[in-house]
Undergrad: 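Have a look at this one.
So that the names make sense, note that chain A is the first sequence line, chain B the second, and so on, each numbered from 1.
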Amino acid sequence: SAANAQERLILATTTSTENSGLLDVLLPPFEETFGVRVDVVSVGTGKAISIAENGDADVILVHARAAEDAFVEAGYGVNRRDVMYNDFIILGPASDPAGIKGMTDAGKALHKIAESKSPFVSRGDDSGTNKKELSIWASVGIEPSGRWYIETGQGMGASLNVANEKQAYILADRGTYLAYSGDIDLGIVVEGDPELFNPYGIIPVNPAVHNHVNYQMAMALVGYITSQQGQKIISEYTAYGKVLFHPSAIKPEDLK
Amino acid sequence: MEYIISGLQSALMLIINLDPEVTKVVTTSLKLSLTSTLLAALFGTPLGILFSKIDFKGKFVFNTVLNTLLSLPTVVLGLFVYSIISRRGLLGEWGLLFTMKGIIIGQVLLILPIVMALVRNAIHDIDEKMYKTAISMGATGTQQFRLLLSEARYGIIGALITGFGRVIGEVGISMMLGGNIKGYTRTITTAIAMETNKGRFSFGLALGIILLFIAFLINFIIYFYQIGESR
Amino acid sequence: MEYIISGLQSALMLIINLDPEVTKVVTTSLKLSLTSTLLAALFGTPLGILFSKIDFKGKFVFNTVLNTLLSLPTVVLGLFVYSIISRRGLLGEWGLLFTMKGIIIGQVLLILPIVMALVRNAIHDIDEKMYKTAISMGATGTQQFRLLLSEARYGIIGALITGFGRVIGEVGISMMLGGNIKGYTRTITTAIAMETNKGRFSFGLALGIILLFIAFLINFIIYFYQIGESR
Amino acid sequence: MKNVILEARKIKKSFDQDQVLNLDIVKVYEAAFNFLLGPNGSGKTTLLNILSMVDTDYQGEVFYRGQLMGKQEGEILEFRRRFSVIWQNPYLFKGTVKANIGLPLKFRKSSPDIIEEKVKKMADKLDISHLLAKRSGELSGGERQKVSIARALITEPEVLFIDEPNTSLDYESSRYFNGLFSELVADGVTVLLITHDLYQIQNLADYITVLNDGKVVNQGTSEQVDF
Amino acid sequence: MKNVILEARKIKKSFDQDQVLNLDIVKVYEAAFNFLLGPNGSGKTTLLNILSMVDTDYQGEVFYRGQLMGKQEGEILEFRRRFSVIWQNPYLFKGTVKANIGLPLKFRKSSPDIIEEKVKKMADKLDISHLLAKRSGELSGGERQKVSIARALITEPEVLFIDEPNTSLDYESSRYFNGLFSELVADGVTVLLITHDLYQIQNLADYITVLNDGKVVNQGTSEQVDF
Ligand SMILES: Nc1ncnc2c1ncn2[C@@H]1O[C@H](COP(=O)(O)OP(=O)(O)OP(=O)(O)O)[C@@H](O)[C@H]1O
Ligand SMILES: Nc1ncnc2c1ncn2[C@@H]1O[C@H](COP(=O)(O)OP(=O)(O)OP(=O)(O)O)[C@@H](O)[C@H]1O
Ligand SMILES: [Mg+2]
Ligand SMILES: [Mg+2]
């Protein structure tokens with residue numbers, strides 16, 4: 001096909017980004033303007049970073065701040081830019097055995113879950129979400145373990161299913177929750193804590209380390225996504241009738 | 001390349017140290033795959049023989065359907081069983097989802113067609129005279145069946161080895177129906193998938209090497225006892 | 001249960017409407033699995049025959065290794081090939097990762113042991129007299145080979161059908177080496193895995209049903225031309 | 001005149017469209033040497049399959065001592081166990097000669113000791129003791145035939161069906177088995193033998209049935225029949 | 001005295017540990033009826049395999065018209081193609097009788113038309129035209145044997161190896177084939193025949209080799225040999 005003859009840019013990103021459907025509206029204008037085909041490889045955050053370290057992707061879009069910094073620190077990535085954020089929420093069964101519904105402090109809520117030994121599902125997969133969850137546990141000085149603490153080692157969707165089946169609490173990103181809300185009997189019990197914000201960054205792979213990468217086009221993508229045009233598309237994107245992502249490269253008041 | 005080398009190293013370390021978490025997933029995988037293979041053998045072998053012997057209208061279509069089921073992706077089968085045993089499904093009350101039993105149901109369904117198809121192929125090549133001879137010797141139905149098993153031994157054991165290989169190496173069903181729950185339904189393959197997702201490629205490879213090592217031992221034992229002695 | 005029903009409905013809709021995205025993943029899947037099966041047949045059949053005929057020291061171990069490779073999980077094989085064709089790997093310069101060629105390499109390696117093992121089993125049951133007769137009739141090596149293929153046809157086609165089923169239904173290798181890139185390396189199975197991940201279960205099932213439908217057609221054609229006429 | 005032990009009436013048998021048997025009456029006499037003759041492809045083996053109750057897929061009726069035989073597996077097993085068949089081109093099972101000869105006894109649930117003993121005795125008698133440990137694929141043509149005869153005789157059958165036994169046998173063995181079969185008949189065993197061997201026909205036959213193209217063309221004692 | 005066409009010297013052959021052949025010299029004469037006799041298991045078929053170059057895994061030497069035969073596939077193919085073998089218990093390939101008979105010609109790359117024609121002629125001659133469309137699994141014992149004879153004769157071989165041809169043949173056919181083989185010899189074909197049939201030995205043999213327990217115990221013209 002004609003597409004095959006085009007220049008190719010490999011973007012490694014997390015499953016949640018791709019699954020949200022955002023990239024389907026965000027990328028086409030870029031592809032058209034620059035005559036490039038963006039090949040999106042969506043995998044776990046850890047895997048996305050490993051692939052980029054090996055030089056198998058040109059640019060990554062992920063949400064795991066500490067890992068991103070380590071990636072840049074080690075010299076694999078350059079020119080990291082903030083792109084957007086969304087937020088995490090804590091879901092729970094209607095019976096709410098820990099009695100945390102309506103709380104706004106995520107740390108305190110988890111504390112009560114541990115105290116009451118109410119079932120809690122953890123992704124346990126080193127993903128951005130999992131790391132966020134662990135950091136909240138750490139902030140209240142709890143090392144979760146025991147039969148009530150169920151580690152799935154799976155993606156968000158699969159973990160939501162487990163939580164639903166076991167009628168357990170779970171920390172989830174809002175996008176995935178919205179996608180699943182029709183199929184599960186769990187509701188939001190905690191939201192709004194600034195601690196629960198989930199920032200995404202974009203990082204081109206360092207052409208000094210991997211000389212074959214399409215650095216020019218990667219930088220062009222960074223430029224596009226953090227431009228007025230890109231940020232506006234992000235801010236206007238809705239799924240399931242809700243806004244999913246909030247742009248962070250340009251402040252909302254500066255968006256035209 | 002370095003992944004392969006460091007994978008080999010860490011596999012060795014894990015085996016030597018008898019890492020308790022690894023021991024746990026290994027035993028879970030073994031229990032699951034042996035049980036599933038056994039059950040599939042129990043149902044699949046007689047069914048395979050039956051369908052290779054009896055003639056009925058639509059056998060052509062039946063055979064094609066059987067062959068088609070060999071293409072069934074584990075995710076799809078997983079989804080299918082999921083929608084039956086999940087809380088909202090028909091058998092939701094039995095609480096089978098995210099248990100070993102749930103995985104076994106899926107795995108048995110996965111390899112039943114494989115076992116049936118390969119047993120059918122093995123039986124197909126048995127000489128017609130074998131049946132006449134057995135009948136004339138006064139063999140009962142069961143005795144004919146046993147004799148047939150023994151004459152087609154090579155092909156039938158081959159079918160079971162293929163089925164076993166399929167379940168011990170599959171990940172979709174274990175993931176979907178077992179949930180990869182740590183210390184409970186986590187198997188070698190779901191652990192590999194998880195580690196790979198984390199970007200820990202060499203640890204994933206290490207677990208893969210351990211899986212192959214175990215499969216080798218089991219095949220060695222089967223081969224030694226069953227095939228080695230024949231011919 | 002409702003997933004299954006709505007899955008069937010949307011499968012029907014997708015087929016009727018010839019949804020372009022679905023058409024694209026279907027053709028990609030077909031191209032991949034047919035190419036991989038063909039290549040595996042090309043190498044695996046002669047190798048399987050060879051290893052069933054020649055006797056050498058360590059054949060026992062070799063056979064066990066072959067059987068063990070049937071257990072190789074697709075993720076592990078995917079990882080293995082990845083570490084070779086990744087930019088940092090031996091063949092990194094060839095740029096095979098996230099291309100169709102990359103997937104084909106992995107898939108051929110996946111089913112080569114299956115084809116070899118099942119062909120070996122099929123050949124094993126051929127009467128010793130068949131060789132003597134062919135030789136005495138003045139058959140060249142190639143002619144003996146062709147005759148053997150024809151005598152063991154049922155088992156060999158069975159091996160290829162099993163191999164085809166394995167590749168068209170596998171997801172680990174396509175995912176790892178292809179990257180599930182939309183409009184390029186996305187196959188039916190990687191699409192199913194993705195949709196399932198998104199929680200769109202019935203859409204996942206719909207794609208699964210389409211996959212089975214296609215596998216059915218292919219098996220039907222093979223069966224019709226090759227087996228239907230025999231005996 | 002001897003008793004009729006087996007009688008087949010109005011037997012019809014077809015493969016696909018071809019009718020290969022269309023018989024009125026065929027009788028097998030007790031404790032006698034019954035011969036079944038006819039050119040190649042005349043239906044001898046097909047009839048043997050039916051009379052020995054190995055093939056139950058035919059039209060018509062078979063009587064055993066006046067009793068109509070069923071066509072269901074369960075009904076006829078015990079009758080079948082009183083019979084033995086020595087096949088044209090015998091099929092030997094994978095495994096040793098010893099296992100092959102003992103198999104019919106195993107089916108009848110004899111104890112391993114008894115099987116061991118009987119197999120030894122039979123092998124001694126037929127002079128094939130040196131073959132007992134061989135695998136079935138390693139035999140010469142005549143050795144296969146002898147093993148299959150031993151396997152048929154080990155159950156001491158009431159009726160013995162034999163399809164061209166002298167095939168592949170050397171002169172000595174041939175003579176020995178002719179003698180052995182005669183002794184069995186003298187001891188009360190019913191034998192139905194298919195052969196093309198003139199010597200056997202002239203010297204052994206009590207009753208003869210001649211088939212041609214699936215029909216009985218001649219039947220009677222060896223004196224009556226002009227073969 | 002006729003020319004020697006095949007000569008085997010110092011042939012030794014073992015299966016596993018058992019030595020089954022240990023011969024000094026065996027000669028096959030051109031355009032003559034050579035007989036190979038001996039009791040069951042004496043090694044006749046094993047020797048036939050070696051002389052016909054089907055089995056090349058032996059110790060010793062085989063000469064064809066004075067020329068030492070190699071043991072590599074490539075070297076002997078053209079010689080093998082001058083030979084045909086009619087086997088004891090013939091193996092027929094899956095498919096029709098027609099395909100089976102035509103196969104040796106197909107191996108020699110004859111055109112389909114010629115194959116068709118020759119197969120028809122051969123089938124007419126051996127009176128098996130009615131079997132051509134049958135599948136190989138559907139034949140009677142004698143029919144199988146006739147098909148295998150047709151398949152061996154279709155290439156008009158220079159040397160014909162025959163392992164107990166009368167097995168399963170009816171009286172008529174038996175006589176017919178004895179006549180046919182004699183005609184072939186008269187036409188210059190070399191025949192090596194294994195048999196236990198006294199009639200054949202007495203009436204057809206030119207030269208006789210008698211084996212016992214893997215050794216030649218007697219050899220010479222039919223007048224010289226006391227079998
Ligand atoms: N594949 C084999 N493995 C072991 N022993 C074998 C094998 N083939 C033949 N033999 C043995 O070799 C000896 C000679 O066998 P061969 O077939 O040559 O006999 P034969 O003279 O043709 O006998 P017959 O008249 O019974 O056909 C026999 O004792 C037989 O058991
Ligand atoms: N399975 C089959 N399918 C079709 N035709 C068959 C089948 N078995 C036998 N026949 C045919 O039935 C006829 C009778 O066969 P049968 O084996 O009874 O002959 P026979 O009298 O035993 O001959 P022979 O002396 O050659 O052994 C033959 O013409 C044969 O071709
Ligand atoms: Mg017959
Ligand atoms: Mg022989």
Undergrad: For E/Phe33 versus E/Asp206, what's the shortest heavy-atom pair and its separation?
TA: N-OD2, 2.6 Å

Undergrad: Please classify the contact of E/Arg151 with chain C as side chain, backbone, both or neither, using a heavy-atom distance under 4.5 Å.
TA: side chain

Undergrad: Return the option, out of E/Leu77, E/Leu92, E/Asp55, E/Ile76, with the maximum number of heavy-atom pairs under 4.5 Å with chain C.
TA: E/Leu77

Undergrad: Parallel, tilted or perpendicular, judged at 30° and 60°: which one describes the rings of E/Phe83 and E/Phe161?
TA: perpendicular

Undergrad: So how far is it from C/Ile168 CD1 to C/Gln107 CD, rounded to the nearest 0.5 Å?
TA: 9.5 Å

Undergrad: Mind listing the closest non-hydrogen atom pair of E/Tyr64 and E/Met53 along with its distance?
TA: CB-CE, 4.3 Å

Undergrad: Side chain, backbone, both or neither: which part of C/Thr140 has a non-hydrogen atom closer than 4.5 Å to chain E?
TA: both

Undergrad: Where on E/Phe93 is there a heavy atom nearer than 4.5 Å to chain C: the side chain, the backbone, both, or neither?
TA: both

